[in-house]
Amino acid sequence: MPKYSFSQSGEKFQLPEQEDYLKEFDRLQEVVEKQRALGREIVLVMGIGFVGAVMAAVVADAEDGKGNPNKFVIGMQRPSTRSYWKIPLLNRGISPINVEDPEVALIIDRCANVKKTLTATYTYEALKLADVVIVDVQCDYLKESLGNVRDGRADMEALEESLEIIASNINPKTLVLIETTVAPGTTEQIAYPIIKKMFRKRGIKSDPLLAHSFERVMPGKNYVSSIRDFWRVCSGVNEEATRKVVKFLKEVINTDKYPLTVLDRPIESETAKIVENSFRATILAFLDEWSLFAEQNGVDLIKVINAIKVRPTHSNMIFPGPGIGGYCLPKDGGLGLWAYRHIHGFEDDIFKITPLAIDINDTRALHVAQLTRDALRNMGRPIASAEILVLGASYREDVGDTRYSGSELIVRRLTEMGAEIRVHDPYVLHWWEFEKQDEYPATAHGLRRFFRGQEKLRDLCVEQDLKKALHGTDAIIFAVRHQPYLSLDPDEVVNNAGGPIAVIDCFGIINDVNIKRYFELGCEVKGLGRGHVKRIKDQVREEKEQMLLSAPIQSVKTQEGRRLEVKGLRKKSLKFVQK
Ligand SMILES: NC(=O)c1ccc[n+]([C@@H]2O[C@H](COP(=O)([O-])OP(=O)(O)OC[C@H]3O[C@@H](n4cnc5c(N)ncnc54)[C@H](O)[C@@H]3O)[C@@H](O)[C@H]2O)c1
């Protein structure tokens, strides 16, 4: 039976069969021969996911000093039902990833269709043709419990498998450049032995030419630029590998403007990546306790941070929002911890801050569910069966990447508490963490395991029409600082909702004027790190009381015909004062 792979838009592609492999290798050999005749180096990128697809295009777009392309790139992807579709799409010049940077689509189209310096394939034999192999496959960290990163392990399966396949196919002079974020020590202590052993089996005596240089790609509007025009760190396992990796990166990355840092050993390059991301995870986690302090003591942490940030030494303080997502920050520190024990063999426990930071970040979103519960309680509405709209599914503003977003945890916890959830996100069409929650991000490793009553979330659709999403809601949660949410008018929101609602601000999205307006409209407002909302609430209540006191006394007749003297402003909000 033929097998099929479906693209994100639903297009169906039949997986290759045995007889296709020979034909495909013939095709590649023919193209490569022509490209070599043009003096181009052949670069194979293994894994055409979020990083590999764009890195492949950046390399394919590289030119020599005279403006001639100097590389030919083969993007390689294993032909699994989950990922095969990326190959035919890339061959058509269509980006297999949806990102906000318009340059991604342009550069892929230009290289595949105009310059013809980019092709994609599924056959591992393509490795035989490569001068450089770039490894961009994933290396995950699988957590076994929520909020305890120590209870987990690095998932090296795809990486180890890729390295074995590479070693059994490449020419011994091929440079293998690992870009995957790995547990420090992987290049020298895992990759090198795998390749060396396979070389020995193949009767190759020379040392593998292996190097590491990590990616700093940032999802968002500058995706291509964050790969091409950004500082790189690299290191090789020996002098020749170092020389080759430096030469290669200088030819494809804008190293004139963004100088390359060459470190002595790959473990230093690998550690740089892990420390860089652990540092960021830590400064974010650090503010979690101050966020709670702020909520309990009438402090607006957003204003506090802005006041501190004017000091140049403290300018990188960041408000953490509802948890820290994205593919990298939640896992990279875990790879470090794991490496210390399982690659380097140490038994002691030297890591205090890194795991604590990840655990804090991984559970911060749960507090949002508490705030929502409390806001609804203050309005006399139970959370069970309340209709709650989550604004924003992605892990950061103005991108469509939902991996490990704080919003996912908010949805899961509120669902467990019985709430009915709807979601709006202008950048996300499908929230696969729910729609395919049994298999995404990996079978048996989604966050679903940590919550009960999650079955119905399979049907959670991301609404694109905000008005429709607001209709009849009891509470809204501002979870992501997406541009369209920054200017929402409270009157319109309440009007569209059909009455007063609970409003939860997770990211300092609502300014004080609008917080006040929500209170005036009868809403309840709460926010992460926003203790000052209570002050605004009191102010609104006092102003209402003042207005009532200064309002004229009116005489009204009750249904029973009694006459009452009342103080009031509008018929609807009359406060009866019996004299
Ligand atoms: N996404 C980011 O923002 C980002 C930023 C910096 C660094 N990184 C790092 O880059 C690496 C890759 O991340 P990603 O986001 O591109 O992951 P991804 O899951 O999007 O892509 C990995 C790809 O490799 C493919 N693959 C796996 N095994 C393979 C094999 N044997 N042969 C061929 N292909 C294979 C997968 O099918 C997938 O398409 C990770 O280590 C990640 O930590 C990612």
Side-chain angles (χ1 to χ4, degrees), residues 5 7-8 15 44-57 74-87 89-90 95-101 104 120-127 130 133-141 154-169 177-184 186-187 191 194 212-220 222-224 226-227 230 232-233 269-270 272-274 276-277 280 325-336 394-396 399-405 432 440-442 445:
S5 170
S7 74
Q8 285 182 330
L15 261 56
L44 185 139
V45 177
M46 196 155 187
I48 45 178
F50 276 89
V51 175
V54 186
M55 180 62 186
I74 305 171
M76 214 210 67
Q77 176 62 54
R78 59 181 168 188
S80 60
T81 45
R82 191 167 149 183
S83 293
Y84 170 72
W85 58 270
K86 297 176 190 175
I87 298 167
L89 278 199
L90 206 59
S95 170
I97 57 164
N98 284 329
V99 284
E100 293 66 34
D101 182 0
V104 170
T121 193
Y122 49 85
T123 173
Y124 290 135
E125 291 217 75
L127 286 157
V133 173
I134 303 180
V135 182
D136 274 328
V137 305
Q138 71 276 22
C139 173
D140 285 321
Y141 184 83
D155 177 11
M156 311 273 289
E157 211 177 295
L159 185 66
E160 285 178 327
E161 185 195 281
S162 304
L163 291 163
E164 266 171 39
I165 295 163
I166 290 169
S168 40
N169 283 288
L177 169 56
I178 300 178
E179 286 199 336
T180 300
T181 304
V182 290
T186 298
T187 303
I194 288 178
H212 183 263
S213 175
F214 58 90
E215 278 291 354
R216 283 169 163 155
V217 57
M218 280 298 292
N222 302 314
Y223 204 91
V224 173
S226 72
I227 291 185
F230 215 64
R232 278 279 191 143
V233 177
S269 165
E270 295 164 337
K273 174 67 179 179
I274 301 297
E276 189 170 301
N277 278 349
R280 207 166 159 83
Y327 184 41
C328 299
L329 262 55
K331 75 169 167 58
D332 287 357
L335 291 173
S394 59
Y395 85 92
R396 66 182 278 245
V399 303
D401 191 341
T402 55
R403 291 186 286 180
Y404 305 105
S405 75
W432 299 119
Y440 190 87
H445 271 101

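Starting from 1, each residue takes its place in the sequence as its number. The structure displayed is predicted, hence computed values, not measured ones. Order of appearance sets the numbers: ligands from 1, and atoms from 1 within every ligand.
Ligand 1 has an N or O atom lying under 3.5 Å from an N or O atom of Phe50, backbone or side chain. For ligand 1, the polar-atom distance check finds no N/O of Met46 at less than 3.5 Å from any of the ligand's N/O atoms. Polar contact with ligand 1: present for Gln77 (N/O pair, distance under 3.5 Å). Looking at ligand 1, you'll find an N or O of Glu161 within less than 3.5 Å of one of its N or O atoms. Distances between N or O atoms of Tyr223 and those of ligand 1 include no value under 3.5 Å. Taking only nitrogen or oxygen atoms, main chain and side chain alike, Lys273 does not reach within less than 3.5 Å of ligand 1. In terms of polar-atom proximity, defined here as any N/O pair under 3.5 Å, Thr181 does make such a contact with ligand 1. Looking at ligand 1, you'll find an N or O of Lys331 within less than 3.5 Å of one of its N or O atoms. Checked by distance only, ligand 1 and Arg216 stay at 3.5 Å or farther apart across all their nitrogen or oxygen atoms. No N or O atom of Thr180 sits closer than 3.5 Å to an N or O atom of ligand 1.
If you check which protein heavy atom lies closest to atom 21 (O) of ligand 1, you get Gly49 CA, 3.3 Å. Annotation: atom 29 (C) of ligand 1 to nearest protein heavy atom, Val137 CG1, 3.6 Å. Taking atom 10 (O) of ligand 1 as the reference point, the nearest protein heavy-atom neighbour is Val51 CG2, 3.5 Å. Counting protein heavy atoms only, atom 40 (C) of ligand 1 is closest to Tyr327 CE2, 3.7 Å.
The shortest non-hydrogen separation linking Asn222 to Asp101 is C-OD2, 3.6 Å.
In Met55, neither the side chain nor the backbone holds a heavy atom less than 4.0 Å from any atom of ligand 1. When non-hydrogen atoms are compared, ligand 1 lies under 4.0 Å from the backbone of Asp136 (N, CA, C, O) but not from its side chain. The proximity of Phe214 to ligand 1, defined as any non-hydrogen pair under 4.0 Å, does not occur for either the backbone or the side chain. Contacts between Lys86 and ligand 1 below 4.0 angstrom, taking non-hydrogen atoms only, involve the side chain exclusively. The proximity of Arg403 to ligand 1, defined as any non-hydrogen pair under 4.0 Å, is limited to the side chain. Of all the heavy atoms of Cys328, the ones lying under 4.0 Å from any atom of ligand 1 belong exclusively to the side chain. Contacts between Gln138 and ligand 1 below 4.0 angstrom, taking non-hydrogen atoms only, involve backbone and side chain alike.
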Quiz prompt | side-chain hydrogen bond (donor to acceptor under 3.5 Å, both in side chains) between Asp140 and Tyr327, worked out | solution = CA-CA 9 Å; Asp140 285 321; Tyr327 184 41; 2.4 Å; yes
Exercise. Decide yes or no on side-chain hydrogen bond (donor to acceptor under 3.5 Å, both in side chains) for His212 and Ser269, but give the supporting numbers first.
Key: CA-CA 7 Å; His212 183 263; Ser269 165; 2.7 Å; yes
Practice problem: Please test Val217 against Met55 for side-chain contact (heavy atoms from CB on, under 4.5 Å), starting from the C-alpha separation and ending with a verdict. | Solution: CA-CA 9 Å; Val217 57; Met55 180 62 186; over 6 Å; no
Exercise. Assess whether side-chain contact (heavy atoms from CB on, under 4.5 Å) is satisfied between Met218 and Phe230, documenting all intermediate values.
Key: CA-CA 11 Å; Met218 280 298 292; Phe230 215 64; over 6 Å; no
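A donor-acceptor pair under 3.5 Å is absent between the side-chain atoms of Gln77 and the main chain of Lys86, judged by distance alone. A distance-only check finds a donor-acceptor pair linking the side chain of Ser394 to the backbone of Val399 [under 3.5 Å]. No donor-acceptor distance shorter than 3.5 angstrom exists from the side chain of Thr180 to the backbone of Val182, with no hydrogens or angles considered.
The closest side-chain heavy-atom distance from Phe50 to Arg403 is below 4.5 Å.
For the salt bridge (Lys or Arg N to Asp or Glu O under 4.0 Å) test with Glu179, the passing option among Arg216, Arg232, Lys273 is Arg232; the others fail.
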